[in-house]
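This report refers to the structure that appears directly beneath it.
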Amino acid sequence: MAEKGILLIVSGFSGAGKGTITKAICNKYDNYALSVSATTRAPREMEKNGVDYFFLMKEEFEDMIRVDALIEFASYQENYYGTPKEYVLKNLAEGKDVILEIEVQGALKVHEKYPDTPMIFVTAPSAKVLAERLRGRGTESEEKVQGRLRRAVEESEFMDAYDYILVNDKLDDAVEALHRIVRTEHIKANRNSRLIAEIKSDLKQYVNG
Ligand code: 5GP
């Protein structure tokens, strides 16, 4: 049976590049699985149902809440976003490190349920760079960009609650930094109680002959 994987929370300002980082780390290393969220927001151009999100009607999303099919959900810019339970639990059991790319309200809920979950916050190097990246996307009106920047001001209040702050300046460096965090999490003593017990017992047998 595979060693259980780690659940990871990756949050960050819209435009900070967390989606790019999480996709890149999954392409580079095969131990990761990226949870696909459900949302009621409309798909952006190029987004595919079942790949980027499960795009649902409000009623369908509320059904998922009712049958307890979500690990967490939150409302963001007047839409629902939530993490379907089944995929996450299946991949963790198969030994994958499962990344939840979610906003702060959802992150705090997951952390309450699973306190061992490392929380990583992705930021651009500065507010100016963040605003440039949001405008550069070209997918959203200036009004929506302003809404996302205002939301960033609110979200920045929660940065201290996170375990790691990942500055996304160069993509490759950010991917490697995230991978190092995960490797470090894997060797924490509290995740290795079985190994510790084996070594203790092994040592006793060795000494006592
Ligand atoms: P976007 O509309 O830009 O794809 O995402 C908006 C925000 O919703 C982002 O901060 C993203 O991380 C967050 N988000 C995406 N999926 C989920 C989810 O399943 N749960 C929660 N709580 N937030 C999510």
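Worth knowing before you read on, the calculation uses all heavy atoms, side chains too, and leaves out hydrogens, waters and symmetry mates. When a ligand or atom number is given, it counts from 1 through the structure's own listing order. Being a predicted model, the structure only gives us computed values, none of them experimental.
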- Query: Given the rule in the side-chain contact (heavy atoms from CB on, under 4.5 Å) test, do Ile102 and Thr83 qualify, once you have shown the distances and angles that lead to the verdict?
  - Reply: CA-CA 8 Å; Ile102 61 179; Thr83 307; 3.8 Å; yes

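- For the side chain to side chain donor-acceptor pair (under 3.5 Å) test, no residue two or more places apart in sequence or in another chain qualifies with Arg150.
- Residues passing the side chain to side chain donor-acceptor pair (under 3.5 Å) test with Tyr162, sequence neighbours excluded: Ser11.
- For ligand 1, the protein residues placed under 4.0 Å by at least one non-hydrogen atom are Lys18, Ser37, Arg41, Arg44, Tyr53, Glu72, Ala74, Tyr76, Tyr81, Gly82, Thr83, Glu101, Ile102, Glu103, Gly106, Arg148.
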- Test Asn192 against His186 for side chain to side chain donor-acceptor pair (under 3.5 Å), laying out the working first. CA-CA 8 Å; Asn192 286 279; His186 269 283; over 6 Å; no

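- Clustering of Ile, Leu, Val, Met, Phe, Trp and Tyr side chains at separations under 4.5 Å leaves Leu89 isolated, with no partner residue.
- Note that Lys18 lies outside the cation-pi zone of Phe13, set by a 6.0 Å cut-off to the ring centre and a 45° limit from the axis.
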